[in-house]
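Accompanying notes for the structure given below.
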There are 4 protein chains.
Amino acid sequence: VHSRKRDLLDGIIGGTEETTTGVVRLRSMERAGELRYPVIAVNDSNTKYLFDNRYGTGQSTIDGILRATNILLAGSKFVVCGYGWCARGIAIRAKGMGAAVAVTEVDPLRALEAAMDGFLVMQLREAAPWGDLFVTSTGNTRVISRDHFAAMKDGAILCNAGHFDVEIDIAALEEMSTGRRLIRDEVEEFELGGGKRIYLLSRGRLINLSAAEGHPAMVMDMSFANQALAVEYLARNGTGLNNVVLPVPAEIDREIARLKLQSMGIRIDTLTDEQERYLASWEWGT
Amino acid sequence: VHSRKRDLLDGIIGGTEETTTGVVRLRSMERAGELRYPVIAVNDSNTKYLFDNRYGTGQSTIDGILRATNILLAGSKFVVCGYGWCARGIAIRAKGMGAAVAVTEVDPLRALEAAMDGFLVMQLREAAPWGDLFVTSTGNTRVISRDHFAAMKDGAILCNAGHFDVEIDIAALEEMSTGRRLIRDEVEEFELGGGKRIYLLSRGRLINLSAAEGHPAMVMDMSFANQALAVEYLARNGTGLNNVVLPVPAEIDREIARLKLQSMGIRIDTLTDEQERYLASWEWGT
Amino acid sequence: VHSRKRDLLDGIIGGTEETTTGVVRLRSMERAGELRYPVIAVNDSNTKYLFDNRYGTGQSTIDGILRATNILLAGSKFVVCGYGWCARGIAIRAKGMGAAVAVTEVDPLRALEAAMDGFLVMQLREAAPWGDLFVTSTGNTRVISRDHFAAMKDGAILCNAGHFDVEIDIAALEEMSTGRRLIRDEVEEFELGGGKRIYLLSRGRLINLSAAEGHPAMVMDMSFANQALAVEYLARNGTGLNNVVLPVPAEIDREIARLKLQSMGIRIDTLTDEQERYLASWEWGT
Amino acid sequence: VHSRKRDLLDGIIGGTEETTTGVVRLRSMERAGELRYPVIAVNDSNTKYLFDNRYGTGQSTIDGILRATNILLAGSKFVVCGYGWCARGIAIRAKGMGAAVAVTEVDPLRALEAAMDGFLVMQLREAAPWGDLFVTSTGNTRVISRDHFAAMKDGAILCNAGHFDVEIDIAALEEMSTGRRLIRDEVEEFELGGGKRIYLLSRGRLINLSAAEGHPAMVMDMSFANQALAVEYLARNGTGLNNVVLPVPAEIDREIARLKLQSMGIRIDTLTDEQERYLASWEWGT
């Protein structure tokens, strides 16, 4: 088997990776010495994660929730698990739609940013009985689990905009349920006894892909430009690279931003020669 | 002289730097081989620039403008030059106070973020005849200059929240003026002929320091914790360090975030063992 | 015919009206002496227009636009024609989704509110070459017409969330076009010569009804409660009422708000006896 | 005494009233038959309360709090008592400065609006142990009282932006305190035993007037235009008016909005003849 696998790798110069989760895993493989060819972390390009992850996931998650449920977001209590780039996009948009938003995190720095961005920050066990709607976007497993389901209100809605279908512990939810039925195309109702119902959207799979159309082309253009230019870069330089996770070269990143602005009809300023010199200097002061 | 300078350096283990501009300059010195001792870039610590620069400068700039002028921000056309961490703090708060906000930038990536954050993005020469109020926060020199003054409306107000007093070309403004007078403590009126007046706040020096009280203690606590712990780190490890600009160690950064959350009474979640393993894995998928 | 019409009215105690446009027209009929029975203006009930029109239309219009087009709202230039209750709901939500929003109005008071709410306010002929997307919500006819189409950018998108299909002058658009085709279910492309294309959504009919599912039940509950209780009121008091447009009684309005809060699990404060007396007094001061 | 009072009224044609509270009291006097001359409720003019009360009080209250305390609003838990026009201005601006905002109300309709505007809505006794800062703007007495003080956290800050100095029950706070001292010009610290301290700003008087400069001229211009034109109206029509509370005539209100827009350089659209006719019609439909 091993030799066959090696054969499959013949001629492979390298790869590119689009997602946060994928890059996390590739770095784990690199640390374990299991990476067999260089991979460019397209996800980590500024013109990718700052836009696709934030504005793309932010909008398409709201879109998915609305198509799945047609609930009113204004006045709802909206819990976002995570405050990475995808999660903060979701939190910002939920606030923009009139929800009261709480954020849960495991990272103190991100939690602090969420608080200073005006969001409620609390442990998920505090948020469980408070929230009307819960969206996971952490890249981790069993983020919402048994104890949280038990603490939730009748009518709570759950969905995932993170990765795979592991962020919500569906197996536990099924075990705790006395009955379940599909009440809309993407909405499954779980009865938990005592008249309490919990609604799971799209079986815990990515809500924006399952219930809506994924990200708009107007943001994926930048992600795919990174892919295309990263592949070109690999084709030109690949054989000289080590089997590590590499960043998208800064010139490519910057060029994509420049082209995107142009496509939006936005013109920006340029530094004068004097300003260029000033930025490189340390002699002037006051 | 040179030997005397060397004497002054005797016994210096290293330094720390608080500001974006300072770090830019120290890196220039490092590149030029002029850095005589290691310096820790406190500014670049997450618990510093993400908070002090953004939320601190954002609030204290608004505060300074209000104390200097008592103008109504709601309905005003507010131009922010720059979209670095300080500048975006200012832009967010101006929007939060009801202004229509335009951003000018020289960096395409930042310009793109500003646009997708919902701000108008334009060249300063387009913004000049549009804006009621202009705030510079770029770290550069002569950002607002002769041609911009000429294009501005009667009554335009200018101030700086970037660095020093060089961002607004005051010499040019004085040259163009037929008269000037102080009309409030921090407001100087320049007559430009034809009945047009431009108002310069605090002589172009930092508006938040000149007209208000600077940043709140509740955000400087993190910056100074970085300073104190960076100095302790230098004292313990300094003699073994090269004469370069160094980051604040990640453990210090993270610990400050943890302590700050605690002081705010915010509790966050912790990863389960299973979740720790999951994050480090690459075998599971779907 | 006239006598037959009278027959149809036999036994009618009164009516209720759900929409802003409908109430405007009924008042015109009342002024012209053409109103044959009393009508309760359900639309004008606080628990109707402040919620259904604002939060309902705001969300469902965004929803309709996303389903019709899957465009990215963040960074888009979004023009709302009108700043009535529906229109301001749309403007607020568009801003909340990251768009730069301009408002056009004919009423100076509303225009002033829009400006102080942080929106750009301009004439439609100024907005025409600026906007990426135009939404009408004025209740009037031919709001966007020939000259505006001519001034628009290639790629401009038009839709209506006001009433009927008259707010966009489709006949003029068709006349100006050299070709047209349906490119998505709810998106029609008009070629205007010189390579310029304009996209009309849902043939100018209500975008939230045509392309999405209309308002969420969670806001229509209040509107329909007004309808039901207004009908009950008519049944009880109708024969004693004149043939005029009447408001929903304040007690009904207030009771609906109280019930809605209860359904959302929100408890509020009550006035103490001392506070009731204080509000009715004028003797105390300072 | 009575005859002397009558003498004082000799030659008085009428009055005008600037504040919400004043109008409430004048209506009480009218109901009690105690109003001796006609009064125009300037406060209730659209160009007054929608702007002065909302955008004016909103900004100047934030300004007053910052000047009094220099606390960081980002990340703070900010409680607004009331959701009238002043209070909602404060809530919107606090949110715009990065605070998490809770609203308390006694009116179900306003409470519902606050919730759908994205604010937390709760009883004050729930908010008391949650908030970092409390602002009253209700027009009522003893809104924050003994039980609330007892439930508050160490370090809670209290201020008033409503009316007089009666909204916070200072007498009760003094009674409960073991000590007090002035720690900044407008900040008084009350010790409540067990190391708990509560901070009262400006002795509970209007924070925007005590600690800042009141509303900007750019919003008071509209209020004073209402005053001036209401006085002119009284001078012309006063002797024919009854001793009641009267609205500012709609033409005056509208004219002020028009002039204000003009002063801001904003041009708006005008209805075409066809559109005027359409608005008055009821024959066309679809």
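Sequence lines set the chain letters: A, B, ... in the order given, protein chains first and strands last, and positions in each chain run from 1. The analysis underlying the following values was restricted to heavy atoms, covering all of them including side chains, and did not include hydrogens, waters or symmetry mates.
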Counting heavy-atom pairs under 4.5 angstrom with chain B, the leader among Leu73(D), Ile92(D), Leu66(D) is Leu66(D)
Which residues share a side-chain contact (heavy atoms from CB on, under 4.5 Å) with Ala250(B), sequence neighbours left out: none
With sequence neighbours left out, the residues meeting side-chain contact (heavy atoms from CB on, under 4.5 Å) with Ala151(D) are Ala128(D), Pro129(D)
Looking only at Ile71(B), Val219(B), Leu72(B), the option with the highest number of non-hydrogen pairs under 4.5 Å against chain D is Leu72(B)
Which atom pairs, one donor and one acceptor, sit under 3.5 Å between chain B and chain D?
{"unit_1": "Gln59(B)", "atom_1": "OE1", "unit_2": "Leu73(D)", "atom_2": "N", "d": "2.9"}
{"unit_1": "Gln59(B)", "atom_1": "NE2", "unit_2": "Ile71(D)", "atom_2": "O", "d": "2.6"}
{"unit_1": "Leu66(B)", "atom_1": "O", "unit_2": "Arg67(D)", "atom_2": "NH2", "d": "3.4"}
{"unit_1": "Arg67(B)", "atom_1": "NH2", "unit_2": "Leu66(D)", "atom_2": "O", "d": "3.4"}
{"unit_1": "Ile71(B)", "atom_1": "O", "unit_2": "Gln59(D)", "atom_2": "NE2", "d": "2.6"}
{"unit_1": "Leu73(B)", "atom_1": "N", "unit_2": "Gln59(D)", "atom_2": "OE1", "d": "2.8"}
{"unit_1": "Arg93(B)", "atom_1": "NE", "unit_2": "Met97(D)", "atom_2": "O", "d": "3.2"}
{"unit_1": "Arg93(B)", "atom_1": "NH1", "unit_2": "Gly96(D)", "atom_2": "O", "d": "3.2"}
{"unit_1": "Arg93(B)", "atom_1": "NH2", "unit_2": "Met97(D)", "atom_2": "O", "d": "3.3"}
{"unit_1": "Gly96(B)", "atom_1": "O", "unit_2": "Arg93(D)", "atom_2": "NH1", "d": "3.2"}
{"unit_1": "Met97(B)", "atom_1": "O", "unit_2": "Arg93(D)", "atom_2": "NE", "d": "3.2"}
{"unit_1": "Met97(B)", "atom_1": "O", "unit_2": "Arg93(D)", "atom_2": "NH2", "d": "3.4"}
{"unit_1": "Arg184(B)", "atom_1": "NH1", "unit_2": "Glu213(D)", "atom_2": "OE1", "d": "3.1"}
{"unit_1": "Arg184(B)", "atom_1": "NH2", "unit_2": "Glu213(D)", "atom_2": "OE1", "d": "3.0"}
{"unit_1": "Arg184(B)", "atom_1": "NH2", "unit_2": "Glu213(D)", "atom_2": "OE2", "d": "2.6"}
{"unit_1": "Glu213(B)", "atom_1": "OE1", "unit_2": "Arg184(D)", "atom_2": "NH1", "d": "3.1"}
{"unit_1": "Glu213(B)", "atom_1": "OE1", "unit_2": "Arg184(D)", "atom_2": "NH2", "d": "3.0"}
{"unit_1": "Glu213(B)", "atom_1": "OE2", "unit_2": "Arg184(D)", "atom_2": "NH2", "d": "2.6"}

